[in-house]
Amino acid sequence: MNIFLTYLDKFIASLNTIANNGDINLPENLNGLIVELPPKKLQADISCNAPLILSKINNKESLNLANFLLKKFQEDFEEFEEIFITKPGFLNFKFKESFWENFLFTAIKEKEKFGSKIDKKKKYNVEFVSANPTGPLHVGHCRGAVLGDTISNILKFNGNEVVREYYVNDYGNQVDNFTKSVFFRIKEILNNENFPENEKDLYPGKYVADIAKNIIDKKKIKNFQNLENIFENLKKSSIEESIALIKKNLKLLGVEHDLFTYESKLVNEEKVEKTIEKLKKKNFIYSGKIEAPESKKNNTHELREQLLFKSTLFNDDKDRAIKKSDLTWTYFSSDLAYHDFKIERGFDELINILGADHAGYINRITAGVSALSDRKKKLTCKVSRLVKLIKNGKPFKMSKRKGDYITVEDLINEVGKDAARFIMLSRNSDVELEFDFEKVKEKSKENPLYYVQYCHARICSVFRNLNIKIDSEIKIKDKVFKLDKYEREIIKKISEWPKCLAISQNKLEPHRIPIYLYELSTLFHSYWNLGKEDKAYRFIIEDKPGSAKKMNLLKLISFIIKSGLSLVGVEAPTKM
RNA sequence: GCGCCCUUAGCUCAGUUGGCUAGAGCAACGGUUUUCUAAACCGUGGGUCGGAGGUUCGAAUCCUUCAGGGCGCGCCA
């Protein structure tokens, strides 16, 4: 139950009634109307800006209008203990205790499901990671991986259908170079031939030798004399090994995709031709020339006629090449085919999680989706910005030279899955993230993950001591339901949880969840410590549970933390 | 040269569709433990929201412009 949305609807209904009686005028739409949390100092639960929005069209001072609406709302609603006006013309509402009592007991029935909204179920495709199958994942891939995974979790939590997809770029130069690299490592192992370290475009990493060894051991290929003869087979095996490695890495992060789609498959099935043909029919393909970028100093650019896609019609800054000079497809054209394949599968929403270095690609591929779907489907791209690694207080630069390359495996071994995920997700993905190994490993308040988990563990300890199962019904009846200022603050915070989840989904911003959980935990820890000063604030009084109000508040907090952490992909320990 | 993103307290950052006196944590200083988990709590100080204009009843948020930082930019994927 999102009280902000509920009361937005209720106020709109009320305003409509008032308008129908001819007492006020309403504009065409009430888009600017909001119901939100008032500033802390105000001692109110929700506030509404109706008088400010409506003052112009009614030609009235907003404070006058506020006075008028205040009286109307007092007549229309009985759940408010108090309604008052603040400065330019806000209406502030304070709920009666009975409202919160009802809220608490309704919410508790939903358990971990509290906060999910299932209004319009949609079918989502979330494509993420999609790293080239040329080696294991490194730290840079992590952020996108946990971002995509968590966005998918949130969408599912809210009742949507989600397919998590990985696009394997197993076609083109890079996998060919990778295959060559594997070949040289095989020769190195079998014949003691040196790996050509200085040859450009090869993959020198140690893992390539491991892959080479696996391929030799599996004996699918018998004779490694001539690369040309075995190239296709070797490529297939090399990619298989890479993907196995990547899947293993993803598992360490707690990420599992539903579907791996291979670029080579689309190429082999002539899906690319078909897609380009489709675009030709729609008149989005033409033969033309594109300029090189200004900055390129060496003027080796050959201005030549080639097949282009009119992405400029859809907000891109230049048209994009469809075929290379050797007449094979560009990466972009097979990606168009891939997205056409997504469109054909009938998703309502397409989401791509891209790394920072691919941000420049967004316009052309969203243009492609618009063109292919006649603007009916929208592709939303979310960029995960760089992770700035800090080790021993200093920035740690990764380079592709072997040695100073941190893989997912290294990361998980060092800080663990939970800490890695929680910290990676605790910042807006639009912003560079500082990832300090020492801080992430710390087991104290310095580390927000432990702070939140500790909150859950503390609540569990209360129920453990009482010998009550945390999800069983509490059978106490309070004589009076009365919230003090601490409890009121907590329940208000709880009422923000559905809103937090809704925004996280709408804006694809999961970082709001760790931040919310941290804030909720802060309130809880303060509340807990009150019991040190004043025994009335204990949850266990003479071996018996305190009031139903208190016990249910605890339960609800623990449910939220548990479900919030599970969305983020992190354990909620019952004991620490 | 062009595009995208960022600039909020000493540091790391919150702050949906503009809203009321801009919020946390860390660091600094001072306190709390025979008591349900101190991996915790309480208190104190700290800000022209990068600069300048503009739109608005109202701007950290929108527009223009300048400065600083990051990431990209031909048929690599």
Side-chain angles (χ1 to χ4, degrees), chain A residues 31-32 34 36 38-42 47 49 52 55-56 61-62 86-90 92 130-132 134 169 171-175 177 201 263 290-296 300-302 304 306-307 317-318 320-332 334-335 355-363 383 385-386 388 426-428 430-434 436 439 442-448 450-451 453-455 457-458 460-462 464-466 499 502-504 506-507 509 511-512 515 518-519 522 525-533 535 537-541 543 546 575-576:
Chain A
N31 276 347
I34 50 168
E36 63 178 345
K40 267 185 199 159
K41 288 157 198 167
L42 283 185
S47 75
N49 63 349
L52 293 164
S55 74
K56 200 173 247 178
E61 291 255 328
S62 48
T86 45
K87 256 196 339 195
F90 286 97
N92 298 281
S130 299
N132 288 339
T134 54
N169 302 124
Y171 178 84
N173 291 333
Q174 301 205 358
V175 278
N177 290 333
D201 299 330
E263 182 181 7
I290 40 172
E291 300 283 339
E294 293 291 325
S295 73
K296 293 288 172 185
T300 52
H301 182 75
E302 174 198 354
R304 65 176 186 84
Q306 61 187 149
L307 273 191
D317 24 294
K318 53 180 130 180
R320 303 293 173 174
I322 290 297
K323 278 195 171 177
K324 299 185 213 167
S325 54
D326 64 1
L327 298 182
T328 58
W329 301 111
T330 57
Y331 170 76
F332 178 55
S334 67
D335 209 23
D357 51 342
H358 288 76
Y361 189 74
I362 295 175
N363 280 343
V383 173
R385 298 282 158 190
L386 294 188
K388 212 159 90 190
S426 62
R427 298 278 178 250
N428 192 330
D430 246 11
V431 176
E432 265 192 38
L433 172 101
E434 192 167 283
D436 187 324
K439 277 189 190 158
E442 194 150 342
K443 297 197 172 181
S444 75
K445 195 176 184 253
E446 282 256 3
N447 187 333
Y450 290 105
Y451 188 76
Q453 288 181 323
Y454 188 46
C455 168
R458 270 183 154 175
C460 290
S461 85
V462 171
R464 197 167 43 241
N465 288 334
L466 286 168
K499 185 178 160 192
I503 299 172
S504 300
N506 295 342
K507 302 193 76 184
E509 290 181 350
H511 72 280
R512 289 163 187 273
I515 290 170
Y518 186 86
E519 288 167 355
T522 303
H525 286 306
S526 300
Y527 186 51
W528 174 283
N529 274 61
L530 291 173
K532 295 193 187 292
E533 292 278 313
K535 295 204 175 184
Y537 274 105
R538 300 283 181 84
F539 306 111
I540 302 173
I541 296 163
D543 294 332
K575 221 175 188 176
M576 283 171 79

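Here is how names work: the chains are called A, B, and so on, in the same order as the sequence lines, proteins then strands, and each is numbered from 1.
With rounding to the nearest 0.5 Å, the separation of CG in N428(A) from CZ in R385(A) is 10.0 Å. Separation of atoms NE2 (H525(A)) and SG (C455(A)) is listed at 5.0 Å; rounding is to 0.5 Å. Rounding to the nearest 0.5 Å places CG of D326(A) at 8.0 Å from CG of N173(A).
Counting any heavy atom pair closer than 4.0 Å across all strands shown, L466(A) reaches no nucleic acid atom. Residue-level contact check: E263(A) touches the backbone only, with heavy atoms under 4.0 Å from sugar-phosphate atoms and none from bases. Using a 4.0 Å heavy-atom cutoff across all strands shown, S47(A) reaches at least one base atom of the nucleic acid. Within 4.0 Å (heavy atoms only), P448(A) reaches no atom of the nucleic acid at all. Across all strands shown, N506(A) has no heavy atoms under 4.0 Å from either base or sugar-phosphate atoms.
For T86(A) against rC20(B), a side-chain N or O and a base N or O form a donor-acceptor pair under 3.5 Å.
We find that CD1 of I34(A) is positioned 11 Å from P of rU16(B), with the value rounded to whole Å. What separates CG of N31(A) from C1' of rU17(B) is a distance of 8 Å, to the nearest Å. Atom OH in Y361(A) sits about 12 Å away from atom P in rC76(B), given to the nearest Å. Rounded to a whole Å, the CG atom of D436(A) is 15 Å from the P atom of rC26(B). One can place CZ of R385(A) at 7 Å from C1' of rC71(B), the figure rounded to the nearest angstrom. K507(A) has its NZ atom 6 Å from the P atom of rU17(B), to the nearest Å. Distance Q306(A) CD to rC75(B) P: 7 Å, rounded to the nearest Å. Following rounding to the nearest Å, N132(A) (CG) and rC76(B) (C1') show an atom-to-atom distance of 9 Å.
Among the nucleotides rC75(B), rG72(B), rU16(B), the one closest to any side-chain atom of S325(A) is rC75(B).
At least one donor-acceptor pair under 3.5 Å links the side chain of T330(A) to the backbone N or O of I322(A). With hydrogens and angles ignored, the 3.5 Å screen pairs a side-chain donor or acceptor of R538(A) with a backbone N or O of G531(A). Panel note: side chain D335(A), backbone E263(A); no donor-acceptor pair is recorded below 3.5 Å.
Shown here for E36(A) and I34(A), the closest heavy-atom pair between the two residues is OE2-CD1, 3.4 Å. Contact between P448(A) and Y518(A) at its shortest, heavy atoms only, is CB-CD1, 3.8 Å.
Each of E509(A) and K40(A) lies near RNA chain B, and the nucleotide nearest E509(A) is the one positioned closer to the 5' end. Between I362(A) and R320(A), the one whose closest nucleotide on RNA chain B sits nearer the 5' end is I362(A).
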Per-nucleotide pairing state of RNA chain B [Watson-Crick or G-U, under 3.5 Å; [ ] pseudoknot-crossing; | other strand]
(((((((..((((.....[...)))).(((((.......))))).....(((((..]....))))))))))))....

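A distance of about 9 Å separates the C1' atoms of rG46(B) and rG10(B), rounded to the whole Å. Distance noted for atom P between rU17(B) and rC6(B): 14 Å (whole Å). Nucleotides rC11(B) and rA52(B) are separated by 28 Å at their C1' atoms, to the nearest Å. Taking atom P in both rG43(B) and rC57(B), one finds a spacing of 41 Å when rounded to whole Å. Taking atom C1' in both rU8(B) and rU48(B), one finds a spacing of 12 Å when rounded to whole Å. Taking the C1' atom of each, rC36(B) and rC26(B) are spaced 29 Å apart, rounded to whole Å. Nucleotides rA9(B) and rA24(B) are separated by 15 Å at their P atoms, to the nearest Å. Nucleotides rC42(B) and rA60(B), compared at atom P, are 29 Å apart to the nearest Å.
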Expected string for nucleotides 35-41 of chain B under the B/S/- scheme (protein heavy atoms, under 4.0 Å, primed atoms plus P, OP1, OP2 as sugar-phosphate) is BBBSBBS

Protein-to-nucleotide contact annotation, 5' to 3' order, nucleotides 8-14 of chain B [B base; S sugar-phosphate only; - none; under 4.0 Å, heavy atom]
----SSS

For nucleotides 54-64 of chain B, give me one character per nucleotide, 5' to 3': B if any protein heavy atom sits under 4.0 Å from the base, S if the only such contacts are to the sugar-phosphate, - if neither.
---S-------

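K324(A) has its side chain within reach of T328(A): a pair of non-hydrogen atoms, C-beta onward, lies under 4.5 Å apart. In this structure, I515(A) and H511(A) have side chains that are in contact, with non-hydrogen atoms separated by less than 4.5 Å. Within the 4.5 Å cutoff, no side-chain heavy atoms of Y451(A) are placed close to those of N447(A). Contact check for F332(A) versus Y361(A): side-chain heavy atoms found under the 4.5 Å cut-off.
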For side-chain contact (heavy atoms from CB on, under 4.5 Å), just list the numbers for K388(A) and L386(A), CA-CA rounded to whole Å, side-chain angles, deciding distance to a tenth of an Å, and then say yes or no.
CA-CA 6 Å; K388(A) 212 159 90 190; L386(A) 294 188; over 6 Å; no

Output, in order, the C-alpha distance, side-chain angles, deciding distance and verdict of side-chain contact (heavy atoms from CB on, under 4.5 Å) for Y537(A) and K532(A).
CA-CA 8 Å; Y537(A) 274 105; K532(A) 295 193 187 292; over 6 Å; no

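For S461(A), the side-chain hydrogen bond (donor to acceptor under 3.5 Å, both in side chains) criterion is met by no residue, not counting sequence neighbours. Evaluation of the salt bridge (Lys or Arg N to Asp or Glu O under 4.0 Å) rule for R512(A) yields E509(A) as partners, not counting sequence neighbours.
In this model, the phosphate group of rA77(B) is approached by a side-chain N or O of K324(A) to a distance below 4.0 Å at OP1 or OP2.
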